[in-house]
Structure formats: structure tokens, C-alpha cells
Amino acid sequence: MRIVFASSEAVPFSKTGGLADVATALPKALAQIGHDVSLITPYYPQVLKRSGVEIPAIKRTGISIRVQVGPKFIEGQVLQSTLPGSRVNVFLIEQPIYFDRPGLYVEQDQDYRDNSERFVFFSRAVMEATRLLGLKPEIVHANDWQTALVPALVNIEYRGTPGFEHTASIFTIHNMAFQGQFWHWDMLLTGLDWKYFNWRQMECYGHLNLLKTGISFADLVTTVSPTYAREIQTPEFGCGLNGALSARQSDLEGILNGVDTEVWNPATDTYIAKNYSLGALEDGKAVCKAALQKRLGLPERPSVMLLGSISRMTHQKGFQLLEQCASMLLDQDIQLVFLGSGEPRFENLLLEMAKSHPEKVATTIGYDEELSHQIEAGADAFLMPSEFEPCGLNQMYSLIYGTVPIVRAVGGLADSVIDASDENVANGTANGFSFCEFRSDVLFWNICRARSLFADKQKWHRLQRAGMKRDWSWKHSADEYVRVYERAIAKCLAPAECEGDERQDEGPAHQ
Ligand code: ADP
């Protein structure tokens with residue numbers, strides 16, 4: 001199958017969150033099972049330079065694209081690279097005015113004012129690059145609001161033209177909270193007819209909504225866990241688009257992300273003090289824990305439970321719960337290690353906790369790939385009390401590293417963490433602690449539960465083993481995506497389903 005995967009970020013070229021991991025791991029897994037995958041992403045030279053990560057060679061293809069964005073014609077160049085250790089072709093779109101900036105979407109906490117223009121350009125550039133490179137895709141897979149115009153372009157402008165005879169589009173939602181909502185006049189930037197600016201397709205409460213555009217026009221819509229697929233059809237999690245999603249219920253699927261096990265594997269991880277696997281778990285983790293404590297200046301105590309957190313420090317990730325139970329946590333004989341950045345209120349709280357209790361808390365503000373691996377290997381338990389969590393990757397990294405996650409049972413956390421109830425511990429299925437109510441006392445109680453089980457080494461090992469035994473790689477998820485792609489292709493080959501599939505004539509169903 002020929003697949004074009006469009007993403008506004010992809011490791012190692014750029015990253016702000018889980019989307020960047022998925023954007024390379026899924027194409028790699030698809031290529032491994034024999035599919036022909038091209039990844040198209042913007043070229044952010046300043047971001048690349050600052051990240052200091054090693055990247056594969058990038059060369060010029062000599063192909064220029066020219067697309068219309070509102071009244072202007074914008075040119076871009078197509079650069080080419082590969083994903084290390086794979087057959088995936090990477091095409092980077094170079095457009096210095098839009099992408100040669102310090103940030104991807106935000107600078108000094110402010111969204112770039114021309115984000116709609118930048119990503120309308122990128123979405124059109126994806127389609128033009130695909131055409132000029134002769135990729136002839138059967139599937140174009142777009143992700144999140146930044147590329148959400150792509151399914152509309154497939155549907156309205158490209159399908160049926162040379163190279164796109166039966167191209168089907170897939171749209172994956174990685175987080176409903178970011179919708180790419182702009183004032184209505186930005187509709188002019190898209191170059192699409194005003195007739196599409198209606199409440200079923202591109203309009204949302206008077207604004208242009210790109211996420212809704214992707215949901216409305218894609219042949220099939222996916223999101224990153226089965227539980228999140230159900231949740232986002234409800235007002236609580238749908239962020240105003242639950243109606244649009246319910247209207248596409250039969251075309252919406254949840255597929256849990258996998259983990260890039262070449263990067264996240266305690267047996268081969270080069271960042272950690274000692275490699276380990278299930279067989280030599282106890283010894284390996286003890287060495288990694290001591291090394292982590294030493295690096296962060298915490299007392300090297302093997303017996304104290306060390307809780308890790310690697311996260312954006314935001315409301316979504318549940319930091320207000322930690323804030324509310326901070327003093328109770330500081331009264332416990334535990335160690336807490338935080339890595340991340342986010343809302344100043346939470347950063348300051350965690351820095352303050354580390355300052356007042358240096359023997360218990362270590363806080364690192366910033367982004368640190370190496371330390372993130374060392375926390376996963378060295379911590380005993382991992383905190384992820386998210387308010388909502390489309391999929392979440394860190395709980396899966398934790399499970400692979402024998403680090404027991406303590407999570408709120410939402411989205412992908414509910415699909416990956418099985419609570420340590422007496423029954424689940426006894427039958428060997430439990431791999432963590434999971435709770436429903438978004439309350440600080442419930443979080444605190446679960447940390448206490450974890451601590452008492454941590455004291456029972458045999459039971460704790462059972463939890464660790466259950467997490468480490470399961471295959472968290474992309475293999476299974478990639479197979480699921482192939483099934484969705486096949487369904488979308490079949491849908492597009494059935495003319496009645498695909499042609500004129502603009503859905504604007506259906507009767508009202510939501511809002
Ligand atoms: P998000 O909602 O931010 O996408 P995920 O758990 O899905 O959350 O993915 C976050 C990704 O970013 C993970 O790979 C995680 O390890 C990584 N990450 C987040 N913050 C940091 C940080 N400060 N340093 C290193 N890695 C981080």
C-alpha cells in the first residue's frame with residue numbers, strides 16, 4: 001500500500017509532544033510490514049539547530065512547490081531525508097518565512113498570529129509535494145489540526161485527478177484540546193468555497209475550526225485509544241465537537257499508540273546506568289535508581305519509594321491535584337522526581353517543593369531526553385493523574401521499564417493500566433494503580449496504596465512483570481491501522497460512498 005503520512009512534527013526533526021513520536025514510529029512500523037510510506041513534515045531549521053539531536057542527512061530534491069494561500073502565492077522547497085534504520089522517505093517542506101522560527105507553534109507562550117496561514121500553506125504543500133513527487137498514494141493520513149485541511153483537499157480538489165484516482169484520507173486526532181480554531185475570515189486562506197463554512201463541515205460557533213474540518217471530510221477518523229474514541233463523543237471530553245464526532249460514530253475508531261521499542265527498551269537503552277530485562281529486573285533497577293538519586297542529589301536510599309513524573313506541567317496532566325495534596329505528600333517518606341515544563345504556577349510549586357525538601361523532591365524544568373530515560377529506569381512508580389489523556393506514552397514507557405504507573409482511568413491510561421485490585425494482583429493481570437475520580441484525596445490515597453504494595457516485594461514484582469511481559473511495540477497498532485486503511489480504500493472504491501462525499505446535505509444531528 002502507498003501511504004503519505006502528514007504531520008507538523010516528527011522526531012528527530014521536531015517535537016513538542018506525543019504526535020512527533022507517533023509520526024515516525026507508525027510509518028516505520030508500516031514500512032517494516034512491507035508498505036511504501038512517505039512522511040511529509042515542515043523543515044524548522046532553528047528548532048533543529050537548538051535541539052542538538054543527531055539527524056540523518058537532509059538533501060535538496062530540486063522540487064519547488066507553489067501554492068495559493070488566500071490572495072498570495074507561496075513557494076516552498078522539498079527537501080529529502082530518511083528515518084534512521086528504516087525505508088521511510090521523509091520529505092521536509094522548506095518555507096523560511098513560516099518555519100524558520102524559534103518555535104513550532106508558540107513563542108514566549110504566545111501562539112504565532114499566523115498559525116492558520118502557516119498550516120493552510122503546509123496542508124496545501126503536502127498535497128502539491130505528493131503530486132509533484134509522483135507518490136500516487138492510496139492513503140493520505142493527516143494528523144491533528146495542523147494538517148486537518150488535507151482530508152478536505154483530498155475530497156474537494158484532488159480525488160479523481162492524476163495520481164489521486166482513488167486516494168482515501170484518514171484523519172487522526174491526537175488531542176481534542178487543540179482544535180486550530182480561527183476567526184471566520186481565515187476561511188479565505190483555505191481557498192475553499194464559502195459553502196463549506198457551515199456547522200456540519202468547517203464552521204464552529206462562528207469560527208473556522210480546522211479539527212472539525214478534518215473530522216468532517218476524512219473518509220475515516222481515528223484517535224489514539226479506544227477509550228478516548230468513546231469519551232470524545234461526550235460533552236465532558238468532546239471539547240465542543242462531541243456532536244460532530246457522534247455524527248461520524250461508525251467511521252471513528254480508537255487505536256492505542258505503540259511504543260518505539262528501539263528507543264524505549266531497558267535491555268538496550270544507552271542512557272541508563274545498567275541495562276536490564278525481566279530476568280534481572282531487581283538488580284538492574286536498583287543500580288538505575290541509585291544512579292538517578294545520585295544525579296539529582298537525593299539521598300541514595302534503596303528502600304524509599306521513588307515516584308517519577310515526566311510531563312508538560314499543565315492542568316491536562318493533573319498538576320492541580322498534586323498541588324492540592326503537596327503538603328500531605330511531603331509528610332510521607334517518599335521521593336519525588338519531576339521533569340518537564342509548563343504553567344509557571346506548577347513549575348514554581350515543584351521548584352519550591354524541591355527547595356524546601358531537597359531530601360525528598362528533585363525538580364528539573366526543561367526538556368531532557370537522557371534524564372527522561374533515567375527516570376523511567378530509576379523510578380519505582382510513575383505519576384500520571386491526567387484530567388484527560390488521549391493515549392499517553394509515558395505510562396507505557398513505565399510499564400516497559402518495570403516502573404509501576406499510578407494513573408487516572410481516562411483515555412489511553414484506562415486502556416493500558418490495569419488496577420492492582422486484590423483480584424487483579426492475584427490473577428497476575430494488575431500492572432499499576434488506576435482511579436476514576438479526579439480528586440486530590442483519591443490520588444493521594446492511590447499513592448498510599450502503591451506505597452503499601454511496594455513494601456510487599458513479591459506483589460510489587462508481579463505488577464512489574466505484568467507490565468513488562470506485554471508487547472507494547474507498534475506491531476499490533478500498525479496492523480490495526482492497515483485494517484482501517486483497507487476499509488477506507490474499499491469505501492472509496494465504492495463510488496456511492498466516496499463521490500460527492502461532502503456530507504452537507506445530511507439532516508441536522510448535533511449542536
Ligand atoms: P503529550 O500529551 O505531551 O503528548 P505524551 O505522554 O503522549 O504526552 O507524550 C509526551 C512525550 O514527550 C513523551 O515521549 C515524553 O517522554 C516526552 N516528554 C515530555 N516532557 C518531556 C521532558 N521535559 N523531557 C523529556 N521528554 C519529555
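Quick caveat: nothing in here was measured; it's all calculated off a predicted structure. In each ligand, atom 1 is the first atom listed, and ligand 1 is the first ligand listed.
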S.K.: Anything under 3.5 Å between a donor and an acceptor, one on a side chain of residues 47-55, the other on a protein residue two or more places apart or in another chain? List them.
M.R.:
| unit_1 | atom_1 | unit_2 | atom_2 | d |
| --- | --- | --- | --- | --- |
| R50 | NH2 | P102 | O | 2.3 |
| S51 | OG | L48 | O | 3.0 |
| S51 | OG | V53 | N | 3.3 |

S.K.: Could you list each N/O atom of ligand 1 together with any protein N/O atom closer than 3.5 Å, one pair per line with the distance?
M.R.:
| unit_1 | atom_1 | unit_2 | atom_2 | d |
| --- | --- | --- | --- | --- |
| ligand 1 | 2 (O) | R312 | NH2 | 2.8 |
| ligand 1 | 2 (O) | K317 | NZ | 2.8 |
| ligand 1 | 3 (O) | R312 | NE | 2.8 |
| ligand 1 | 4 (O) | G18 | N | 2.7 |
| ligand 1 | 6 (O) | L393 | N | 3.0 |
| ligand 1 | 8 (O) | K317 | NZ | 3.1 |
| ligand 1 | 14 (O) | K15 | NZ | 3.1 |
| ligand 1 | 14 (O) | D21 | OD2 | 3.1 |
| ligand 1 | 14 (O) | Y397 | OH | 3.1 |
| ligand 1 | 16 (O) | N394 | OD1 | 3.3 |
| ligand 1 | 16 (O) | N394 | ND2 | 3.4 |
| ligand 1 | 23 (N) | G366 | O | 2.7 |
| ligand 1 | 24 (N) | D368 | N | 3.0 |

S.K.: Verify salt bridge (Lys or Arg N to Asp or Glu O under 4.0 Å) between E300 and K289, making sure each step is shown before the conclusion.
M.R.: CA-CA 8 Å; E300 286 177 48; K289 181 173 176 176; over 6 Å; no
S.K.: Is there a side-chain contact between Y105 and T16 (heavy atoms, below 4.5 Å)?
M.R.: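 Contact flag for Y105/T16 side chains = yes.
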S.K.: Cation over ring, R101 on Y112, under 6.0 Å and within 45°?
M.R.: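 Geometry flag: set, cation within 6.0 Å and 45°.
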S.K.: Does the ring centre of H141 sit less than 6.0 Å away from the ring centre of Y481?
M.R.: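 Under 6.0 Å, so yes.
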S.K.: Can you see which heavy atom on K360 is nearest to which on L298, and at what distance?
M.R.: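 Closest pair (atom of K360, atom of L298, distance): C-CD2, 3.8 Å.
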